[in-house]
Amino acid sequence: MPEGGSRLRIRVPADFVLARDACSYGYFLLAPSLWRPAERALRTILDLEGGPVRVRISQPEAPDGKPHPRWGRCAGQALGVVCSRRLTRGEQRDLRRLVTRMLRLDETSQTIGGFHRVDPRWRRCGRGRLFRSPTLFEDIVKTVTSCNIQWPGTVRMNIQLCEVLGREGAFPRPERIARARASTLRGRCRVGYRDRRLIDLARLFVRGEIDEAWLRNPANSDEEVFRFLKTLPGVGPYAAANIMQLLGRYAFLPLDTESVRHGRAVLGLGGSDAQVMRRVERHFARFGEHAFRSYWFELWRFYERKAGPSETWEPREVGASFTASNLGS
DNA sequence: GGTAGACCTGGACGC
DNA sequence: GCGTCCAGGTCTACC
């Protein structure tokens, strides 16, 4: 990171731990994000008003005082953000907003505590936040690129999208994908049959037909939001349920082949794939509006038992192949 | 409402 | 090196 760039401090909730809360969902392994285990820092490229900026986000240890009994010296310490160039005040405000979204800093210790009351298994380790993208558009594109393909394919598509269509390696804006040719997406980004769907999706964003505020508004029911999401190109029941959790609605489970594997191998469920899926759904229904988090952290714990703590995963090794089938289960 | 088959890619496998 | 098969979720046509 060159000298002379802006440096920001971002305050976090008292229970926030960067290494644990960033390395909590697969998207921390997808371009342009890059977790560096050796630095215990998250690097990414954000496309701001004045152009893309490379950022390095870390969390220092508390200089004095007692470490948190379970989560160590970093817990609750403000994040340090180092930028590759100087930012205007407006850009600093945008950067804070994007980092807050990625790391779910708007989920307070109280809301995480609510999850722990329903499922106390995660209280000790403190898990509760799930990493996501800086924008809803990126979250939805990443979800579509994770459908009907194995994880290394998703990793590759996101790298190509950033390299081919992104400015200086940032994730491409909706405007850029909206005016791309299908042949570019297919031929150079290797997204296959998803080409047309990604362009249509980007055009909906450009036309303002996808309103994140409406999707997040608690006055609108989960069922209403889920129904709307399924109308989006490339988004079926699995993708819609995944986008729900990315919006902070955790009652639905994105059921896929990993769910079936988990149901059989870990929960000991039997029957056909469809039956196992239904039984997995019933199993987690007891966690109500927190069902997804209970389900996901079980899956994540399984991956970590195979490959070690997620904060130690080298992105281009474990991180590129971390689904259960690739971990040799 | 349920089901079958096409969509597309990269990797594994057999020859 | 080539051909074939497979995994993966969405979408459409059809019953």
Side-chain angles (χ1 to χ4, degrees), chain A residues 25-27 29-31 133 136-165 177 180-205 209-210 223 225-247 252-265 271-281 284 292 295-296 299-300 302-303 306-307 315-329:
Chain A
Y25 191 68
Y27 293 4
L29 300 162
L30 295 181
S133 308
L136 177 63
F137 174 66
E138 187 176 331
D139 267 342
I140 296 182
V141 172
K142 281 185 158 57
T143 300
V144 173
T145 63
S146 73
C147 289
N148 201 23
I149 191 151
Q150 294 184 334
W151 183 252
T154 304
V155 171
R156 179 180 39 76
M157 277 187 230
N158 279 276
I159 291 173
Q160 298 292 88
L161 282 169
C162 293
E163 285 181 358
V164 175
L165 298 175
I177 294 185
R181 290 173 198 265
S183 57
T184 303
L185 281 164
R186 184 176 288 232
R188 297 181 62 201
C189 305
R190 315 298 291 165
V191 302
Y193 68 91
R194 301 167 193 80
D195 54 359
R196 198 63 249 173
R197 297 174 192 180
L198 291 178
I199 290 170
D200 292 343
L201 199 52
R203 289 182 177 166
L204 288 174
F205 270 91
E209 292 176 28
I210 298 177
E223 287 69 25
V225 171
F226 188 65
R227 249 197 322 273
F228 171 78
L229 292 173
K230 280 195 295 180
T231 67
L232 300 179
V235 177
Y238 163 82
N242 193 54
I243 298 165
M244 292 287 280
Q245 68 87 5
L246 293 164
L247 287 164
F252 288 48
L253 299 188
L255 295 167
D256 62 358
T257 49
E258 280 291 287
S259 320
V260 175
R261 179 206 55 75
H262 187 74
R264 291 191 201 283
S272 67
D273 285 3
Q275 285 171 325
V276 173
M277 278 199 192
R278 280 196 293 275
R279 287 170 183 160
V280 168
E281 199 164 28
F284 287 97
F292 176 77
Y295 161 77
W296 182 255
L299 240 68
W300 204 245
F302 179 85
Y303 299 148
K306 292 273 178 189
R316 301 292 175 251
E317 295 167 19
V318 179
S321 61
F322 82 100
T323 53
S325 55
N326 288 321
L327 294 174
S329 63

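All chains are named by letter (A, B, ...) in the order of the sequence lines, taking the proteins before the strands, and each is independently numbered beginning at 1.
For the pair A/Glu258 and A/Arg261, the salt-bridge criterion is met [side-chain N within less than 4.0 Å of a carboxylate O].
Atom CD1 of A/Ile159 is separated from atom C1' of B/dT9 by 15 Å (rounded to the nearest Å). At whole-Å resolution of the value, CG in A/Asn242 and P in C/dG9 are 11 Å apart. Computed from coordinates, the A/Asp273 CG to C/dA7 P distance equals 11 Å when rounded to whole Å. A/Glu258 has its CD atom 14 Å from the P atom of C/dA7, to the nearest Å. Computed from coordinates, the A/Arg196 CZ to C/dT12 C1' distance equals 18 Å when rounded to whole Å. In this structure, A/Asp200 atom CG and C/dC11 atom P are separated by 11 Å, rounded to whole Å. Atom CZ in A/Arg188 sits about 18 Å away from atom C1' in B/dT9, given to the nearest Å. Distance CG (A/Leu185) to C1' (B/dT9): 15 Å, rounded to an integer number of Å.
OP1 or OP2 of B/dG10 sits under 4.0 Å from a side-chain N or O of A/Arg156. Under 4.0 angstrom from either OP1 or OP2 of C/dG9 there lies at least one side-chain N or O belonging to A/Thr257. The shortest distance between the side-chain N/O atoms of A/Arg190 and the OP1/OP2 oxygens of B/dG10 is below 4.0 Å. At the phosphate of B/dC8, OP1 or OP2 sits under 4.0 Å from a side-chain N or O atom of A/Arg186.
Between C/dT10, B/dC7, C/dG8, one nucleotide has an atom nearer to the side chain of A/Ile149 than all others, and that is C/dG8.
Side chain to side chain, A/Ser146 and A/Tyr27 fail the donor-acceptor criterion of an N or O pair below 3.5 Å.
Note: A/Cys189 SG to A/Leu165 CG = 4.5 Å, rounded to the nearest 0.5 Å.
Taking the six-membered ring where the residue is Trp, A/Phe252 and A/Phe226 present tilted rings, their angle falling between 30° and 60°.
Among the protein residues, A/Val235 comes within range of the sugar-phosphate backbone only, with heavy atoms under 4.0 Å from sugar or phosphate atoms but none that close to a base.
Within 6.0 Å of CZ on A/Arg188 lie no more than 12 heavy atoms contributed by other residues, nucleotides or ligands.
Between A/Gly153 and A/Asn148, the residue anchored closer to the 5' end of DNA chain B is A/Asn148, taking for each the nucleotide with the nearest heavy atom.
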